[in-house]
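See below for the structure under consideration.
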Amino acid sequence: DATPGDIEVEIEGSVDGENFMDMVDLGDWDAGTADGGHLVYDFETYGRMPFMRLRLDGDAADNSAKPFAICVFMHNA
């Protein structure tokens, strides 16, 4: 299998659930060399929208048959 290389992780938001905009680029995760990545989205700094989603943009290597997990933990200060 080819290494998936860097995966860019971004948060997108929308007020209507259809038209999404980029809110912040959280960073890159090198899935080819790291078993896991850890990125944090700060609501106080970047805000909230009624609809939010993660966007993952990887390199051209096709590893689509291999599953991965995304864990989201809510944290209240």
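Quick caveat: nothing in here was measured; it's all calculated off a predicted structure.
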Please answer: with hydrophobic residues joined when any side-chain heavy atoms are less than 4.5 Å apart, are [X] and [Y] in the same cluster?
{"X": "M21", "Y": "V15", "result": "yes"}
{"X": "L56", "Y": "M23", "result": "yes"}
{"X": "M49", "Y": "L54", "result": "yes"}
{"X": "F20", "Y": "V9", "result": "no"}

(request) Rounded to the nearest 0.5 Å, what's the gap from CG on D25 to CD1 on I11? Could you check? (result)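 These two atoms lie 10.0 Å from each other.
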(message) Show every side-chain hydrogen bond (donor to acceptor under 3.5 Å, both in side chains) that has at least one partner inside residues 9-18, sequence neighbours left out.
(response)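 Matches after skipping sequence neighbours: E10-R55, E12-R53, E12-R55, S14-D16, D16-N19.
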(request) Write out all pairs satisfying salt bridge (Lys or Arg N to Asp or Glu O under 4.0 Å) with one or both partners inside residues 40-50, taking only residues at least two apart or from two chains. (result)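 Every candidate salt bridge (Lys or Arg N to Asp or Glu O under 4.0 Å) pair involving residues 40-50 fails, so no pair, neighbours aside, qualifies.
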(request) Mind checking ring-ring contact (aromatic ring centres under 6.0 Å, His included) for Y41 and listing every partner two or more places apart, or none if nothing turns up? (result)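 Expected list: F43, Y46.
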